[in-house]
Participant: 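Before I ask anything, here is the structure I am working with.
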Amino acid sequence: MKNKTNIISKIKSRLTNDSKKEWPGLINAYKDFLPINDSTPIVSLKEGNTPLIRAKSLEKHIGRGVKIYLKYDGLNPTGSFKDRGMTMAISKAKEEGSKAVICASTGNTSASAAAYAKRAGMKAFVLIPDGYVAQGKLAQALVYGAEVLAINGNFDKALEMVQSIAEDYPITLVNSVNPYRLQGQKTAAFEIIDELGEAPEWLCIPVGNGGNITAYWMGFNEYFNQKKTKKLPKMMGFQALGSAPLVFNKLVKNPETIATAIRIGNPVNWKKAVEAKQNSLGSFEAVTESEIIEAYKLIGEEGIFCEPASAASVAGLIKIQKNLSDNSKVVCVLTGNGLKDPDCAINNNDAVFHTKLDPDLNKISKLMGF
Ligand SMILES: *Cc1c(COP(=O)(O)O)cnc(C)c1O
């Protein structure tokens, strides 16, 4: 009897605690692992703590008892993992007294920089490749009040320009060359281990500039050194075939892909990404446009909407599936939200979509198969 009361009171206290406990944002949650101090003004939109979702229909597709989890980082405040890095980069820029930030972007960095800069009371300038930024991302940068500079050139050119501007003028660069970005982003690896109790055997991740794969590897290693996991994953980085400099170890002058977030020919974290791959015994692989779209639809079948660049992680998993041992655990990172790129969604789906219908009950119910 006493035991029973005990259990009930434990459950009760857990319920009340859990319902009261609000996620404090990733800087507060992982303070001890991040380069901040008591005087760092924390600029946060409560980013992080994104769900790790079991992918049941993908598991059926792959078979052999392989467990597949999707780290849905598209559920961050501005819809991509960039928020993990931006909360750190903007907090540190504010601490250092910076009044303005700048970035080059394929879209998500600009959306995130704009939002966090606005919260910090700072000005944000974003350089984007004109015509190659998904609608949702551009809309965000504008609404969050960034000054948008669209250039006739690709991301690599834009990055070259902002690096030079940040050298010459009093403005903080918040691309992933900014070390605080990777510090914030490594917390995604912490969350995975906190939830699974250990690292997965494999991590599948899309690679553009190579910042995120570097950050995950850093995070897994820090937890490994703290004995919070006994194993480390193989880091599997996937690039689109038309913009795969790391796969072919060769700069790409005119990168092309539907996955605009990874349309990058000269990754700024090239060396670090290669180290993460080598030290983890992982690999870089290219996925085709149709493999990306196929994966994008399969993810949709899980009830999850990601952007095409994110689908590269699942496309890659499908490509390398024969390398997975039976019953192993895989985490695929879904880096961005599908709502970012509605054009891609409208043009690439297998849905039944009847248009221009008469509002006639009989006709419509017949069409529905009744
Ligand atoms: C930025 C981004 C990537 C690429 O990440 P890197 O750190 O540049 O390798 C992949 N997917 C999405 C949705 C992104 O926004």
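Remember, it's 1-based here, ligands and their atoms both numbered in the order they're listed. Predicted model only: the values in this text are computed from it and were never measured.
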Participant: With rounding to the nearest 0.5 Å, note down the distance linking CG in Leu70 to CG in Leu58.
Facilitator: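 Going from the CG atom of Leu70 to the CG atom of Leu58 covers 6.5 Å.
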Participant: Looking only at N/O atoms, are Ala261 and ligand 1 under 3.5 Å apart anywhere?
Facilitator: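 Not met; the criterion fails.
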Participant: Could you check atom 5 (O) of ligand 1 against the protein and tell me its nearest heavy-atom contact, residue, atom and distance included?
Facilitator: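 Closest protein heavy atom to atom 5 (O) of ligand 1: Phe81 CZ, 3.5 Å.
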Participant: Considering distance alone, does some N or O of Asn209 sit under 3.5 Å from an N or O of ligand 1?
Facilitator: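 So ligand 1 has an N or O lying under 3.5 Å from an N or O of Asn209.
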Participant: How many angstroms lie between atom CD of Glu289 and atom CG of Leu241, to the nearest 0.5 angstrom?
Facilitator: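 Nearest 0.5 Å value for the CD-CG distance: 8.0 Å.
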Participant: Under 4.0 Å from a heavy atom of Gly211: give me the atoms of ligand 1 that qualify, with their elements.
Facilitator: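 Listed by number with element: 6 (P), 7 (O), 9 (O).
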Participant: What I want to know is whether Val207 and ligand 1 share at least one N or O pair that is separated by under 3.5 angstrom.
Facilitator: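 Between Val207 and ligand 1, no N or O pair is found under 3.5 Å apart.
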Participant: Hey, is ligand 1 close enough to Gln185 that some N/O pair sits below 3.5 Å?
Facilitator: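 No.
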Participant: Is any side-chain N of the basic residue among Glu302 and Lys56 closer than 4.0 Å to the acidic one's carboxylate O?
Facilitator: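 Looking at Lys56 together with Glu302, the answer is no, because their closest N to O distance does not fall below 4.0 Å.
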Participant: Pick, from Thr335, Asn269, Asn337, the option with the minimum heavy-atom distance to atom 13 (C) of ligand 1.
Facilitator: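 Looking at heavy atoms only, the winner is Thr335.
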Participant: Please identify which atoms of ligand 1 are closer than 4.0 Å to at least one heavy atom of Gly210.
Facilitator: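 By the 4.0 Å cutoff, the relevant atoms are 6 (P), 8 (O), 9 (O).
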Participant: Could you say whether the N/O atoms of Gly208 and ligand 1 ever approach to under 3.5 Å?
Facilitator: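 N/O-N/O distance under 3.5 Å: yes.
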Participant: Can you tell me how the ring of Tyr30 sits relative to the ring of Phe33, calling it parallel under 30°, perpendicular over 60° and tilted otherwise?
Facilitator: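 Perpendicular: the ring planes of Tyr30 and Phe33 meet at over 60°.
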Participant: In the protein, which heavy atom is nearest to atom 7 (O) of ligand 1, and how far is it?
Facilitator: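 Atom 7 (O) of ligand 1 sits closest to the protein heavy atom Asn212 N, 2.8 Å.
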Participant: Using distance alone, determine whether Glu307 and ligand 1 share an N or O pair under 3.5 Å.
Facilitator: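 Not met; the criterion fails.
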Participant: Quick check on the hydrophobic clustering: are Leu203 and Leu246 connected, directly or via other members, by side-chain heavy-atom contacts under 4.5 Å?
Facilitator: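 Looking at the clustering, Leu246 is in the same group as Leu203.
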Participant: I'd like to know if the side chain of Arg263 pairs up with that of Ser243 as donor and acceptor (distance under 3.5 Å, no hydrogens or angles considered).
Facilitator: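 No pair is found: no donor N or O on one side chain lies under 3.5 Å from an acceptor on the other.
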Participant: Would you call Lys272-Glu275 a salt bridge at under 4.0 Å N-O?
Facilitator: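 No, no charged N to carboxylate O under 4.0 Å.
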Participant: Which residue in the set Lys67, Arg64, Arg54 passes salt bridge (Lys or Arg N to Asp or Glu O under 4.0 Å) when paired with Glu59?
Facilitator: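 When Lys67, Arg64, Arg54 are each tested with Glu59, the salt bridge (Lys or Arg N to Asp or Glu O under 4.0 Å) holds only for Arg54.
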Participant: Enumerate the atoms of ligand 1 whose separation from the nearest heavy atom of Gly336 is less than 4.0 angstrom.
Facilitator: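 Reading through ligand 1 atom by atom, the close ones are 13 (C).
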Participant: I'd like to know whether ligand 1 has Ser176 as a neighbour, heavy-atom separation below 4.0 Å.
Facilitator: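 Per 4.0 Å heavy-atom rule, Ser176 does not contact ligand 1.
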Participant: For the residue pair Ser283 / Glu285, report whether a side-chain donor-acceptor contact shorter than 3.5 Å exists.
Facilitator: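 A pair is found: one side chain offers a donor N or O, the other an acceptor, under 3.5 Å apart.
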Participant: Have a look at ligand 1 and work out which part of Lys340, if any, has a heavy atom under 4.0 Å from it: side chain, backbone, both or neither.
Facilitator: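 Near ligand 1, Lys340 shows nothing, with every heavy atom at 4.0 Å or more.
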Participant: So is Lys46 actually on top of Trp23's ring, under 6.0 Å and inside 45° of the axis?
Facilitator: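 Negative - Lys46 is either too far from the ring of Trp23 or too far off its axis.
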Participant: Are Val274 and Phe248 co-members of a hydrophobic cluster defined by side-chain heavy atoms under 4.5 Å apart?
Facilitator: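 As far as the 4.5 Å side-chain criterion goes, Val274 and Phe248 are connected within one cluster.
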Participant: For atom 14 (C) of ligand 1, which protein heavy atom lies nearest, and how many Å away is it?
Facilitator: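 Minimum-distance protein heavy atom for atom 14 (C) of ligand 1 reads Lys82 NZ, 2.8 Å.
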Participant: With only distance considered, is Asn108 within less than 3.5 Å of ligand 1 through an N or O on each side?
Facilitator: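 Looking only at distances, the answer is yes, because the N/O contact criterion of under 3.5 Å is met.
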Participant: If you measure from each non-hydrogen atom of Thr106 to ligand 1, which part falls under 4.0 Å: side chain, backbone, both or neither?
Facilitator: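 Under 4.0 Å from ligand 1, Thr106 contributes no heavy atoms.
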